[in-house]
Amino acid sequence: MRQNFVAGNWKMNLTLPEARALTTDIVRLLADELPGARPQLVLCPPFPLLLAVGEVLGQSGPALGAQNFHQMESGAYTGEVSAKQLHSVGCQYVILGHSERRQHFREDNALLAQKLKTALAAGLQVIFCVGESLATREADETFDFIGQQLAEGLFGLSDAEMEQVVIAYEPIWAIGTGRTASSAQAQEVHAFIRQQVAAAYDAGIAANTTILYGGSCNAQNARELFSQPDVDGGLIGGASLKARDFVDISKSF
Ligand code: 13P
């Protein structure tokens, strides 16, 4: 279902007390300032904090998401975490294909396609990230590159599976750099992604797909970005670690 959507990717930040405090602040601000209809909100803490954050969230609205999982269902994979385990501790969502995992952990499109199936089979919805480097953009290869990420990583799914996926466009050059894509740059790529979904599936599925922007999105620029016709919300890194900023972004529709 296409909906306004804001997800916070906490990355490898916060201790347990800090995570409890941040979640408590977010829940309180949301109750005060966004008591009615809200965008779909998701918090994605690191693994050891999931249960505690889930407890603070309770039934308050924001859903719980994780940042990674292993492609196998279970077994002798010391140190790894399964999608089923994430589901069992209350996760509804998981992030997949983040550029930091593609870059630092060598996750390629083929592996992502495999992980995608594992996550969906475990009952998780997936926030599937794509995005180009600065070199790719400067070489004018952004559309080819993202088209390939989608075709090889995502489009092996059935129609029904595709409905469980949110796509996030995160230009690598905008992540953690303070350099946001302009709203026109974001819109151009979001429209392209929606066209690709329409070509691989159909116009109805494309019109129903939620597409988020991520990369230095903050309380100052969110409204302008979210006002673009194909931008349905944001995947927020740094600014999701501050309750005031995360809630202000959630109010930017
Ligand atoms: P920043 O918002 O810190 O740029 O991070 C974006 C991101 O990578 C979210 O997944």
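When a ligand or atom number is given, it counts from 1 through the structure's own listing order.
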Numbering as shown, the atoms of ligand 1 that approach [X] to under 4.0 Å (heavy-atom distance):
X: Gly238; result: 1 (P), 2 (O), 3 (O)
X: Gly215; result: 4 (O), 6 (C)
X: Asn9; result: 9 (C), 10 (O)

### The single option from Glu132, His190, Gln185 passing side-chain hydrogen bond (donor to acceptor under 3.5 Å, both in side chains) against Tyr169
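It is Glu132; the other options fail the test.
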### Message
Taking only non-hydrogen atoms of Ala174, do any sit less than 4.0 angstrom from ligand 1?
### Response
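Yes; Ala174 lies near enough to ligand 1 that a heavy-atom distance drops under 4.0 Å.
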### Task
Compute the minimum heavy-atom distance from Ala239 to ligand 1 and say whether it is under 4.0 Å.
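It does not, in that no heavy atom of Ala239 comes within the 4.0 Å cut-off of ligand 1.
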### Task
Check Leu235 against ligand 1 and report side chain, backbone, both or neither, counting heavy atoms closer than 4.0 Å.
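Looking at Leu235 and ligand 1, atoms from backbone and side chain both fall under 4.0 Å.
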Tell me: protein heavy atom nearest [atom], and distance?
atom: atom 2 (O) of ligand 1; value: Gly237 N, 2.9 Å
atom: atom 9 (C) of ligand 1; value: Glu170 OE2, 2.9 Å
atom: atom 5 (O) of ligand 1; value: Lys11 NZ, 3.3 Å

### Message
Tell me whether Glu18 at atom CD has more than 12 heavy atoms from other residues, nucleotides or ligands lying less than 6.0 Å away.
### Response
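Correct, the count exceeds 12.
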### Task
Could you grab the distance from atom CD of Gln67 to atom CD of Glu100, nearest 0.5 Å is fine?
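One finds 9.0 Å between CD of Gln67 and CD of Glu100.
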#### Entry: Between CG on residue Leu49 and SG on residue Cys44, distance to nearest 0.5 Å
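Reported value, rounded in 0.5 Å steps: 12.5 Å.
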### Query
Less than 4.0 Å between a side-chain N and a carboxylate O, is that true for Asp232 and Arg194?
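Judged by the 4.0 Å cut-off on N to carboxylate O distance, Arg194 and Asp232 do form a salt bridge.
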### Task
State whether Asp32 and Arg28 are salt-bridged, where the test is any N-O pair (Lys NZ or Arg NE/NH1/NH2 against Asp/Glu carboxylate O) under 4.0 Å.
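Salt bridge flag = no for Arg28 with Asp32.
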### Query
Where do Pro46 and Asn13 come nearest, in terms of heavy atoms and distance?
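Heavy atoms only, the tightest pair is CG-O, 3.6 Å.
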### Task
Say whether Gly214, considering both its backbone and side-chain N or O atoms, lies within less than 3.5 Å of an N or O atom on ligand 1.
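Between Gly214 and ligand 1 (N or O atoms, distance only) the closest approach is not under 3.5 Å.
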